[in-house]
**Q** 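Below: one structure in structure tokens.
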Amino acid sequence: MARIVMKFGGTSVADLDRIRNVAQRVKREVDAGHQVAVVVSAMSGVTNQLVDWVRQLDPLHDAREYDTVVATGEQVTAGLTAIALQTIGVPARSWTGWQIPIHTDDMHGKARIKGIDAAAIESRFEQGMVAVVTGFQGLGSDNRVTTLGRGGSDTSAVAVAAGLKADRCDIYTDVDGVYTADPRIVARARKLDRISYEEMFELASLGSKVLQTRSVEIAMNHRVRLAVLSSFKDLPGTLICDEDEIVEHHVVSGIAHSRDEAKITVLKVADRPGIAASVFGPLADAGINVDMIVQNISPDGSSTDMTFTIGRTDLERALKVLETNRAEIGYADLRPDATVAKISVVGVGMRSHAGVALTMFRTLAAERINIQLITTSEIKVSILIDEKYTELAVRALHTAYGLDG
Ligand code: ADP
Ligand code: ASP
Ligand code: MG
């Protein structure tokens, strides 16, 4: 007997037939004698609709009320999934994030899970029941519902698996595994049998939405056996595992892209010590993460321009913060741009191979794509480009690094 967490994403629970399909998949594991906790997302499109309603009322909405609204989608699916299981003779009960409870911090809209009390689920297991848990949500110390950021049900599933010391955490989705690039834009992308936690973490954080970044981090820290599989086809998926469990190694394992980026240039700031702190301090206080940064040298020795990127959904708030702090920072103007995309190549092989970045620059040059910003770390290179070249850039790089299937 094994203990398994099965997570089903939005397209896997998009309508009642698909929820019935989920129930059958769960039944197979129950019939095999396993203890099963199921984590579900909202039905496809529901979270987008909820977010859209909130933004229409107020683009700078109250984050607590945003969570109150957007957490509702998962509750519907959890109840429906429990009913679908009951109708085929599988005893099941649904659980919301606050009922378990899944404790989080109070960063509403992008809360982090702090701990899970697994006792409630374990007691249901002892009664031979399946526990169906709402993904994406938890309970803050302010006793209010929190949400974990878009794609957060993956993180709920891995956290539940860690809390239950589960043997496996299977993420069922609309693709049959992790590919060398998003298969929706690269037809020749190849499915990976295995990928290291570290590479998956980088790919996720750089925009590969197949897993939420935090889910990979929790899996890595708690040694959760994590797999990505299709909820529609019976095919082997991708195992996320330790680097030394992987036999075949490539310099570049995958390419990620993200259109969730925005760029701000702060024009004519004083070229003096403390200027970066005066720009980025207020943004950090507002909970806005800054990613890529460049500060030019000052041609006249007094003022310079500073460019950085943030999440696109934070753009309006970031501009407001910078305008509010204009007197302290001192700048001539702000130039926002929400039409940029970040393209990244990832691979542990970069640690021992030179020239990976150069291949990237040459490939983009051959396609006449201008690079706006560059950042590198031990196992990745990222560049910022005009978003209209996203597909072209990803496909050209996929070929250039020999990843085409
Ligand atoms: P779910 O609703 O099941 O959570 P998501 O839409 O969040 O599903 O994630 C699955 C999607 O991730 C796929 O449909 C695919 O377009 C996208 N994706 C992006 N990068 C990759 C990749 N490297 N491998 C597989 N899928 C990817
Ligand atoms: N329903 C949430 C979202 O769409 C969480 C998830 O699906 O993982 O972001
Ligand atoms: Mg997802």
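All residue numbers in this chain count up from 1 along the given sequence. Predicted model, so just to flag it, every value in this text is computed and none were measured.
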**Q** Which residues pass the salt bridge (Lys or Arg N to Asp or Glu O under 4.0 Å) test with D176, sequence neighbours left out?
**A**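 Listed in chain order: K191.
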
**Q** Is it true that T390 and E387 share a donor-acceptor pair across their side chains at a distance under 3.5 Å?
**A**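 No donor-acceptor contact under 3.5 Å links the two side chains.
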
**Q** List, one per line, each side-chain donor-acceptor pair under 3.5 Å for residues 128-142, sequence neighbours excluded.
**A**
{"residue": "T134", "atom": "OG1", "partner": "W95", "partner atom": "O", "Å": "3.4"}
{"residue": "T134", "atom": "OG1", "partner": "G97", "partner atom": "N", "Å": "3.1"}
{"residue": "T134", "atom": "OG1", "partner": "Q137", "partner atom": "OE1", "Å": "3.4"}
{"residue": "Q137", "atom": "OE1", "partner": "G97", "partner atom": "N", "Å": "3.0"}
{"residue": "Q137", "atom": "NE2", "partner": "A71", "partner atom": "O", "Å": "3.1"}
{"residue": "S141", "atom": "OG", "partner": "D106", "partner atom": "OD1", "Å": "3.3"}
{"residue": "S141", "atom": "OG", "partner": "D106", "partner atom": "OD2", "Å": "2.5"}
{"residue": "D142", "atom": "OD1", "partner": "R144", "partner atom": "N", "Å": "3.2"}
{"residue": "D142", "atom": "OD2", "partner": "R64", "partner atom": "NE", "Å": "3.2"}
{"residue": "D142", "atom": "OD2", "partner": "H108", "partner atom": "NE2", "Å": "2.9"}

**Q** Does Y179 use its side chain to pair, donor to acceptor, with the backbone of G254 at less than 3.5 Å?
**A**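 No, because the side chain of Y179 does not come within donor-acceptor range (under 3.5 Å) of the backbone of G254.
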
**Q** Could you walk me through whether K263 and D291 pass the salt bridge (charged side-chain N to carboxylate O under 4.0 Å, His left out) check?
**A** CA-CA 10 Å; K263 181 178 79 170; D291 180 18; over 6 Å; no

**Q** Would you say the side chains of T307 and T265 form a donor-acceptor pair under 3.5 Å?
**A**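 A pair is found: one side chain offers a donor N or O, the other an acceptor, under 3.5 Å apart.
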
**Q** Can you sort out the partners of D271 under side chain to side chain donor-acceptor pair (under 3.5 Å), two or more places apart, ordered by chain and number?
**A**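 Per chain and number, D271 pairs via side chain to side chain donor-acceptor pair (under 3.5 Å) with Q295.
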
**Q** Classify the side-chain pair H257/S344 by whether it contains a donor and acceptor separated by less than 3.5 Å.
**A**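 No, S344 and H257 have no side-chain donor paired with an acceptor closer than 3.5 Å.
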
**Q** Identify, with sequence neighbours excluded, every residue that meets side chain to side chain donor-acceptor pair (under 3.5 Å) alongside W98.
**A**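 T96.
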
**Q** Using the test side-chain contact (heavy atoms from CB on, under 4.5 Å), find all partners of D15 that sit at least two apart in sequence or belong to another chain.
**A**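 D15: side-chain contact (heavy atoms from CB on, under 4.5 Å) contacts with D17, R18.
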
**Q** Show me the side-chain donor-acceptor pairs of residues 78-90 shorter than 3.5 Å, one per line, residues at least two apart or across chains.
**A**
{"residue": "T81", "atom": "OG1", "partner": "T77", "partner atom": "O", "Å": "2.7"}
{"residue": "Q86", "atom": "NE2", "partner": "A92", "partner atom": "O", "Å": "3.0"}
{"residue": "T87", "atom": "OG1", "partner": "A84", "partner atom": "O", "Å": "2.7"}

**Q** Which pair of heavy atoms, one from S156 and one from V39, lies closest together, and at what distance?
**A**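 Heavy atoms of S156 and V39 come nearest at CB-CG1, 4.0 Å.
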
**Q** Taking the side chain from T309 and the backbone from M292, do they hold a donor-acceptor pair closer than 3.5 Å?
**A**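 Side chain of T309 to backbone of M292, a donor-acceptor pair under 3.5 Å: yes, one is there.
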
